[in-house]
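What follows is a short report on a single structure.
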Amino acid sequence: PKNDIVDLSIYNIKGQKVKSLYSGPANKGKHSLIWSGNNTNNKQVGSGIYFYKLQSGSFVESKKMLLMKSTTILKIFEKLLKIMLFLFLV
């Protein structure tokens, strides 16, 4: 994309817009944004699959992403540790 108006939005698996991360002018080049996992009402969304859509002029790109809350990651890690401990003791 060239210097243009850019829109970067997050959508849930149903195609509903969850949050607009940025909408406005952007200079040509690489940029980065961090999505904290909050929706438009600033409430935390659940872990799961989300999509981002980047639009700039006639350019449109959509990609899938996975949001995992830290508690979900800790639960997975805890289960893996239990399995490893069980295998070690057997």
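Starting from 1, each residue takes its place in the sequence as its number.
For the side-chain hydrogen bond (donor to acceptor under 3.5 Å, both in side chains) test, residues two or more places apart in sequence or in another chain that qualify with Asn38 are Ser36, Asn42. Evaluation of the side-chain hydrogen bond (donor to acceptor under 3.5 Å, both in side chains) rule for Gln44 yields no partner, not counting sequence neighbours. Among residues two or more places apart in sequence or in another chain, the side-chain hydrogen bond (donor to acceptor under 3.5 Å, both in side chains) test is passed with Thr40 by none. Qualifying side-chain hydrogen bond (donor to acceptor under 3.5 Å, both in side chains) partners for Tyr50, counting only residues two or more places apart in sequence or in other chains: none. The side-chain contact (heavy atoms from CB on, under 4.5 Å) check on Ile34 picks up nothing, with sequence neighbours excluded.
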Using a 3.5 Å cut-off and no angle test, enumerate the donor-acceptor pairs between side-chain atoms of residues 16-23 and protein atoms at least two apart in sequence or in another chain.
| residue | atom | partner | partner atom | Å |
| --- | --- | --- | --- | --- |
| Gln16 | OE1 | Asn12 | ND2 | 2.7 |
| Tyr22 | OH | Pro25 | O | 2.4 |
| Ser23 | OG | Asp7 | OD1 | 3.4 |

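For the residue pair Leu67 and Gly37, the shortest heavy atom distance occurs at CD2-CA, 4.1 Å. For the residue pair Ser9 and Tyr11, the shortest heavy atom distance occurs at CB-CE1, 3.7 Å. Residues Ala26 and Val6 share a closest heavy-atom pair of CB-CG2, 3.5 Å.
No path of Ile, Leu, Val, Met, Phe, Trp and Tyr side chains, each step under 4.5 Å between heavy atoms, connects Val60 with Leu33, placing them in separate hydrophobic clusters.
Considering only heavy atoms from C-beta on, Lys63 stays 4.5 Å or farther from Phe51 through its side chain. Considering only heavy atoms from C-beta on, Leu54 comes within 4.5 Å of Phe59 through its side chain. Considering only heavy atoms from C-beta on, Lys64 comes within 4.5 Å of Ile49 through its side chain.
To the nearest 0.5 angstrom, Leu8 atom CG is 11.0 Å from Ser56 atom OG.
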